[in-house]
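Report on one structure; see the data block that follows.
Reckoned from all heavy atoms, side chains included, excluding hydrogens, waters and symmetry mates.
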Protein chains: 2
Amino acid sequence: MHKKAAGRCPKAGRRKQDMRSSQVSDEGQLSLRKAESRRRSATRAVTMADVAQAAGVSTQTVSRALRDPRSVGPDTLARIEEAVRETRYVQNLAASHLASNRSMTVAAIIPTISASIFAETIQGLTDVLLPEGYQVFLGHTDYMAAREESLVRSFSGRRPDGFFIIGTRHTQETTALLKRTGVPVVESWSWTNRPVDMLVGFSNHAALMSVVDHLVGRGYRRLAFTGVMKPGDHRAKERLKGFQDAHERHFPGVTPRVVTVTSGPMVMATGVELLKLVREQHPDTDAVVFVSDVLASGALLACSGLGISVPKDLAITGFGNYDIAGQLTPGLTTIAIASRRIGTESANLLLRRMQGSEVENRTQDVGFELLVRGSA
Amino acid sequence: MHKKAAGRCPKAGRRKQDMRSSQVSDEGQLSLRKAESRRRSATRAVTMADVAQAAGVSTQTVSRALRDPRSVGPDTLARIEEAVRETRYVQNLAASHLASNRSMTVAAIIPTISASIFAETIQGLTDVLLPEGYQVFLGHTDYMAAREESLVRSFSGRRPDGFFIIGTRHTQETTALLKRTGVPVVESWSWTNRPVDMLVGFSNHAALMSVVDHLVGRGYRRLAFTGVMKPGDHRAKERLKGFQDAHERHFPGVTPRVVTVTSGPMVMATGVELLKLVREQHPDTDAVVFVSDVLASGALLACSGLGISVPKDLAITGFGNYDIAGQLTPGLTTIAIASRRIGTESANLLLRRMQGSEVENRTQDVGFELLVRGSA
DNA sequence: GCATTTCATGTTAGCGGTCACGCGAACGCT
DNA sequence: AGCGTTCGCGTGACCGCTAACATGAAATGC
């Protein structure tokens with residue numbers, strides 16, 4: 001809380017570096033001079049001016065040396081580097097951001113961090129962005145459109161250089177906000193013909209259709225779809241729609257069996273519950289299509305205990321190709337998504353745009369892959 | 001890229017609000033006057049001055065209204081709120097940060113996002129911090145001390161108001177950097193008597209000892225420890241140490257069986273490999289202690305295929321109480337950690353300190369719980 | 001050899017907010 | 001009525017850094 005002894009030139013304005021020693025060793029110098037000019041409780045932090053003085057150059061030269069070392073003379077550079085080291089200077093990026101109007105940050109908004117499948121995407125995103133000097137802000141919506149909107153709003157205050165967001169369905173206001181920021185935006189994990197800006201995704205609808213096609217091809221006829229369907233989870237809705245549309249194509253006029261709950265945790269135990277629900281409501285079901293591997297593997301694990309033989313009595317499919325899917329016996333038939341790649345591709349798109357170049361393809365379909373294993 | 005037409009008062013300095021219309025509709029006004037004062041390619045963004053003008057007050061009043069609505073008169077507040085709405089003003093937090101020396105951010109550093117167990121912690125952290133206006137920066141180290149150091153360094157540039165970090169073992173430089181920031185720091189997921197600042201964790205060592213105690217109590221005598229032990233994963237090392245120490249107490253002089261690999265993905269398939277390795281190197285092993293549930297459940301699932309009866313032929317234990325642990329048959333005996341609570345407690349500690357108050361207990365032991373299920 | 005370009009560095013004026021303080025009006029108390 | 005307080009709002013000076021321009025010396029061109 002100590003104030004620092006600054007010059008008190010009543011007119012000259014900011015003269016400060018001429019007061020400080022070039023070392024940081026004067027910790028706790030409490031000489032609160034009388035005519036001290038008003039001073040906010042500033043950080044005692046080392047500033048660029050300290051480095052400049054230590055190196056005997058102007059702050060501008062320090063700034064240049066930091067952002068592009070080749071733009072200053074080699075010996076000057078060496079002196080500056082030494083000065084940075086001895087003063088333990090850490091650049092204040094907020095000041096840099098304000099002056100340069102580039103924040104070197106990317107805002108990422110995902111439904112939930114806990115779903116390891118999204119975590120992979122974020123890992124991919126940061127793996128590409130961090131080495132380029134960008135930092136990633138993370139927020140999660142818990143599948144609530146209102147939270148997404150408020151996140152976008154509050155993140156906008158940081159003036160990120162780019163947005164990454166999972167999902168393509170937003171409130172009107174969210175879309176407007178995103179567009180107004182004027183920075184590149186990548187939507188992902190879904191598909192739309194009218195992205196806000198860029199898109200790295202795939203069709204959940206088509207993926208589920210391919211699941212149904214496969215099941216029907218294997219001779220299953222009484223298919224049911226089940227899962228936790230949070231109101232804001234549009235990807236789940238698209239999957240359901242894909243199921244319904246494929247079902248209608250194969251069995252025109254037959255009402256598809258759909259058993260969903262709108263809340264509840266996305267855990268394996270929930271999958272077991274849903275399996276039971278399906279069998280209660282539609283006892284003759286011969287194939288259960290789960291909205292996620294988490295639920296499907298819970299159900300699959302429970303089958304032996306319930307006396308159900310998979311895939312003979314019942315086929316089970318999942319979505320996401322989680323780690324567990326390949327470890328179960330029988331293996332879980334599922335849709336594999338290049339989750340990490342969504343992150344890296346998105347980062348690359350953002351990077352190019354943030355660095356000023358245009359990108360040719362603003363939409364990228366990473367596709368999906370039907371992995372047929374023993375469960376169906 | 002259009003410059004904006006600003007006042008050119010050669011002396012008065014920033015007079016700008018008197019030039020702009022209060023609406024944002026003058027897009028693209030390209031009147032580059034001759035004597036135009038030098039202008040950087042600034043954002044055309046709405047500033048607080050625009051809002052102030054629209055509301056007929058000073059910027060200071062707008063600032064006050066935004067940060068503490070009760071500090072201005074009710075009708076003034078209403079006018080300002082209306083002005084904010086009509087100008088679509090979004091506060092520039094970088095400027096706020098620079099002026100106020102508070103960034104309203106917390107930097108979080110974790111080993112990997114993909115481990116859902118850490119994701120829970122982050123979710124807890126942000127759930128508490130976001131409503132308070134703090135945003136969370138996330139970085140992952142992939143268990144590399146050097147990356148941790150460089151993350152701390154680059155995050156420091158943002159002048160976060162707090163640090164959250166998983167682990168208590170850092171490079172000397174990392175520790176020094178953290179201390180020098182002068183902001184509150186919470187270390188977590190481990191235990192130490194000399195935390196950098198605050199600590200929310202538990203003893204991995206004690207947890208593993210309780211696992212061994214339990215196994216020995218159940219009559220198992222030939223225990224093996226196995227897992228992926230990345231060089232920078234100190235929590236894994238503490239668990240191993242706990243295993244070894246407990247083993248020594250129960251079987252003095254007997255060399256404990258330890259089978260580890262230093263690299264490889266933390267997936268279930270790796271658990272199967274490790275199980276096979278253990279049985280190759282120590283065929284008479286009757287209990288395998290895994291460093292993580294991921295590996296343990298992989299192994300447990302593989303057992304029936306390998307003709308191993310659990311827990312009769314072989315006991316298996318894990319760590320973390322992942323979702324799957326309770327769904328397997330038999331259930332996986334493991335250590336449960338209040339992973340989410342680590343996040344929320346850490347956030348609360350940080351919050352109090354960031355808001356200026358001291359905290360009485362700078363260390364918090366969230367403990368662990370041995371969950372005995374069928375596998376051991 | 002002198003004008004022109006290039007290179008390395010310095011100077012000036014902000015970026016968009018907030019802090020400390022000032023000041024007048026309304027309020028409270030004796 | 002007189003005077004100290006509180007309340008509501010404005011003024012001026014920065015926060016630490018960088019864009020744009022300026023400058024002088026060395027390198028280059030004809």
Side-chain angles (χ1 to χ4, degrees), chain A residues 3-4 6-17 36-43 45-52 55-68 70-77 80 89-103 157 159, chain B residues 3-4 6-17 36-43 45-52 55-68 70-77 80 89-103 157 159:
Chain A
K3 303 190 166 237
K4 87 183 136 198
R8 39 1 218 315
C9 342
K11 150 77 140 310
R14 57 199 83 174
R15 280 275 75 85
K16 172 178 43 184
Q17 64 206 71
E36 161 118 322
S37 72
R38 187 152 33 99
R39 211 107 194 65
R40 60 187 67 178
S41 65
T43 54
V46 182
T47 73
M48 198 176 263
D50 298 316
V51 177
V57 295
S58 73
T59 61
Q60 185 57 224
T61 305
V62 176
S63 175
R64 271 192 284 258
L66 259 42
R67 76 180 43 245
D68 179 14
R70 293 160 314 173
S71 67
V72 300
D75 49 339
T76 311
L77 179 59
I80 291 175
Y89 173 64
V90 178
Q91 194 178 14
N92 184 329
L93 295 179
S96 167
H97 170 185
L98 184 59
S100 69
N101 200 36
R102 308 188 56 205
S103 67
R159 304 288 193 270
Chain B
K3 300 189 169 239
K4 87 182 134 198
R8 49 334 201 353
C9 342
K11 150 79 137 308
R14 57 198 82 175
R15 282 274 75 82
K16 172 178 37 184
Q17 65 207 69
E36 160 120 321
S37 72
R38 185 153 31 102
R39 211 106 193 65
R40 58 187 68 181
S41 64
T43 54
V46 182
T47 74
M48 196 176 265
D50 299 315
V51 177
V57 295
S58 74
T59 61
Q60 184 56 217
T61 305
V62 176
S63 175
R64 270 191 286 257
L66 258 45
R67 76 181 42 248
D68 180 15
R70 293 160 314 172
S71 66
V72 300
D75 49 338
T76 310
L77 179 59
I80 291 175
Y89 174 63
V90 178
Q91 193 179 17
N92 184 328
L93 295 180
S96 167
H97 172 184
L98 183 59
S100 69
N101 200 36
R102 309 187 55 205
S103 65
R159 303 287 192 272

Open item on the list: Between B:T59 and C:dG17, is there a contact of a side-chain N or O with OP1 or OP2 at under 4.0 Å?
Closed with: no
Task: Spacing between B:I80 atom CD1 and D:dG8 atom P, to the nearest angstrom - done: 12 Å
Task: Whole angstrom value for the distance that separates C1' of D:dT18 from CG of A:L66 - done: 12 Å
Task: CG-CZ distance between A:L77 and A:R64, expressed to the nearest 0.5 angstrom - done: 12.5 Å
Task: Rounded interatomic separation in angstrom, taking CD from B:Q60 and P from C:dG17 - done: 12 Å
- [ ] Take the protein atom NE2 of A:H97 and the nucleotide atom P of D:dT18, then report the distance between them rounded to whole Å.
- [x] 12 Å
Check nucleotides 6-9 of chain C against the protein and report each pair of N or O atoms closer than 3.5 Å, with its distance, or say if there are none.
| unit_1 | atom_1 | unit_2 | atom_2 | d |
| --- | --- | --- | --- | --- |
| C:dT9 | OP1 | A:T76 | OG1 | 2.3 |
| C:dT9 | OP2 | A:G73 | N | 2.6 |

Task: Spacing between B:D68 atom CG and D:dC9 atom C1', to the nearest angstrom - done: 14 Å
Task: Side chain of B:M48 - closest among C:dT18, D:dC15, D:dT18 - done: C:dT18
Open item on the list: Quick check for you: to the nearest 0.5 Å, what is the distance between A:D75 atom CG and A:I80 atom CD1?
Closed with: 10.0 Å
TODO: Please check if the side chain of A:S100 supplies one atom and the backbone of A:S96 the other of a donor-acceptor pair under 3.5 Å.
DONE: yes
Task: Interatomic distance where CG belongs to B:N101 and P belongs to C:dA20 [whole Å] - done: 11 Å
Open item on the list: If I take atom CG in residue B:N92 and atom P in nucleotide D:dC17, what distance separates them, rounded to the nearest angstrom?
Closed with: 17 Å
TODO: Give a yes/no answer on whether the side chain of A:S96 brings an N or O atom under 4.0 Å of OP1 or OP2 in D:dT18.
DONE: yes
Task: Phosphate OP1/OP2 of C:dG16: any B:T47 side-chain N/O under 4.0 Å - done: no
